[in-house]
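Written out below as structure tokens is the structure these notes cover.
Numbered from 1 within each chain, the chains take letters A, B, ... in sequence-line order.
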Protein chains: 2
Amino acid sequence: MEFKEAKNKFVQTWGALGSQWGINKTMAQIHALLMVSHEPVSMEDIMEELQISRGNASMNLRALMDWGIVYKEYKAGERREFFTAEKDLDELAVKISRERSKREIKPALKVLKEVSTIKSDGTEAERHFVDQTTKLYDFVLKADNVLDKITEYKDNWLAKLVVKIMK
Amino acid sequence: MEFKEAKNKFVQTWGALGSQWGINKTMAQIHALLMVSHEPVSMEDIMEELQISRGNASMNLRALMDWGIVYKEYKAGERREFFTAEKDLDELAVKISRERSKREIKPALKVLKEVSTIKSDGTEAERHFVDQTTKLYDFVLKADNVLDKITEYKDNWLAKLVVKIMK
DNA sequence: ACAAACTTTCATTTTTTTTTGAAACTTTAA
DNA sequence: TTAAAGTTTCAAAAAAAAATGAAAGTTTGT
């Protein structure tokens with residue numbers, strides 16, 4: 001396989017994977033492109049390589065920076081801005097976990113707590129509802145905490161986790 | 001909060017969470033509804049409660065059964081089919097993990113392996129590409145294996161994991 | 001073997017999400 | 001202070017995903 005072909009395949013695959021996990025395709029593709037680029041890339045080049053509009057590039061770069069996984073860089077003597085991706089995978093996974101926890105899990109937990117604490121009048125339906133949502137709340141909270149704990153190791157957390165669970 | 005209100009809120013929230021993670025809203029809502037129902041529910045009732053069409057209900061119930069997290073039930077003396085959700089959360093998480101690994105992670109790994117093994121001609125760009133995709137392959141493979149290992153405990157795996165990583 | 005009761009399929013429509021592109025805005029250098 | 005070089009915003013358009021509903025299919029009781 002040619003380098004260019006391989007790069008394109010990687011970008012497409014990463015984009016598809018993003019879609020399946022609720023991240024928009026272009027955002028994932030830009031991220032993929034920056035991940036495998038050995039030097040900072042301009043917006044111009046991103047537009048060109050992915051065949052997307054300026055607006056689309058701008059918005060998704062902003063989103064990636066909000067996630068904390070893409071950085072702006074300034075080159076000496078250059079007017080335009082360049083972009084790089086977080087390339088350390090442990091760090092990348094930590095940042096994605098933290099963001100998704102903050103944006104999606106925590107708000108869901110809040111609702112779970114609310115609905116699991118209604119006063120049940122004691123019909124079987126209500127008792128089951130309270131019981132099940134309480135269990136769900138406990139489960140999600142525990143999972144969220146575990147994720148937090150794991151990624152706290154920061155440096156090489158995945159390798160450390162492997163060691164922990166194998167023994 | 002009223003029971004009915006709480007139930008509705010839960011279903012809506014679970015549906016929104018599903019969307020954010022790449023699962024279609026209705027599919028997540030049906031799952032939510034079945035999770036908190038103390039007895040099997042007919043397609044008729046699902047349509048009524050979620051205000052969706054027969055076709056939609058049918059297709060998403062099929063999808064949920066393909067995932068192995070919703071079951072068909074037959075009631076004695078009843079022509080129609082009823083549906084229940086897997087209510088054990090450890091089991092639910094295991095099934096979702098396995099399916100997503102099989103459908104999404106494994107195929108992505110295959111591509112990562114392909115693109116990371118091109119013969120680099122030694123330009124800096126190519127060396128970086130091979131290096132980065134190799135690291136990504138190793139990382140994703142390791143993460144996938146960890147998930148597999150964790151969920152192998154099956155019974156109460158989350159609680160067991162908590163114990164493991166805390167000490 | 002028939003028809004009633006029920007479920008599935010899939011072409012079409014609707015809704016939602018993403019993308020575009022042009023105008024507004026910002027920054028820098030002369 | 002101006003204009004050139006660049007970036008951001010957002011209303012409108014396009015694309016993608018999901019939902020509808022009617023026809024086809026299946027099952028069961030008589």
Query raised in the report: A:Asn24 CG to C:dT18 C1': how many Å, rounded?
Result: 7 Å
Report task. Identify which nucleotide among C:dT28, D:dT28, C:dT8 has an atom closest to any side-chain atom of A:Arg79, counting heavy atoms from C-beta outward. Result -> C:dT28
Report summary line: Regarding the side chain of A:Arg62, the nearest nucleotide among D:dT8, C:dT20, C:dT9 is D:dT8
Requested in this report: Whole angstrom is fine here: how far is it from CZ in A:Phe83 over to P in D:dT8?
Outcome: 6 Å
Query raised in the report: So, the side chain of A:Thr133 versus the backbone of A:Phe129: is there a donor-acceptor pair under 3.5 Å, distance only?
Result: yes
Query - Contact under 4.0 Å: B:Asn60 side-chain N or O vs D:dA18 OP1/OP2 - result: no
Query raised in the report: In a check of salt bridge (Lys or Arg N to Asp or Glu O under 4.0 Å) between B:Glu44 and each of B:Arg79, B:Arg80, B:Arg54, which one passes?
Result: B:Arg54
Report summary line: Taken to the nearest whole Å, CG/A:Leu64 to P/D:dT8 is 13 Å
Query raised in the report: Is the Lys NZ or Arg CZ of B:Arg100 less than 6.0 Å from the centre of A:Trp21's six-membered ring, within 45° of the axis?
Result: yes
Query raised in the report: How close or far is atom P of C:dT27 from atom CD of A:Glu81, stated in whole angstroms?
Result: 10 Å
Query raised in the report: Pick the nucleotide of DNA chain D nearest each of B:Gly22 and A:Arg54; which residue has the one closer to the 5' end?
Result: A:Arg54
Requested in this report: Would you kindly give the CD-to-P distance between B:Glu44 and C:dT8, to the nearest whole Å?
Outcome: 13 Å
Report task. Using whole Å, report how far CG of A:Leu61 lies from P of C:dT18. Result -> 16 Å
Requested in this report: Check whether any side-chain nitrogen or oxygen of A:Thr26 sits under 4.0 Å from OP1 or OP2 of C:dT19, and answer yes or no.
Outcome: yes
Requested in this report: Take the protein atom OH of B:Tyr74 and the nucleotide atom P of D:dG29, then report the distance between them rounded to whole Å.
Outcome: 13 Å
Query raised in the report: Hey, do the aromatic rings of A:Phe82 and A:Tyr74 have their centres closer than 6.0 Å?
Result: no
Requested in this report: Please figure out whether A:Gly55 or B:Met59 has its closest DNA chain D nucleotide nearer the 5' end.
Outcome: A:Gly55
Query raised in the report: For A:Asn56 and C:dG21, is the shortest distance between a side-chain N/O and OP1 or OP2 below 4.0 Å?
Result: no
Requested in this report: Remember a base hit wins even if backbone is also touched, and classify B:Arg80 as base, sugar-phosphate or nothing at under 4.0 Å, heavy atoms.
Outcome: sugar-phosphate
**Report entry** Distance in angstrom units between B:Lys25 NZ and C:dT14 P, rounded
**Finding:** 17 Å
Query raised in the report: Between A:Lys72 and D:dT8, does any side-chain N or O lie under 4.0 Å from OP1 or OP2?
Result: yes
Query - Hphob cluster co-occupancy, A:Leu147 + B:Ile105, side-chain heavy atoms under 4.5 angstrom - result: no
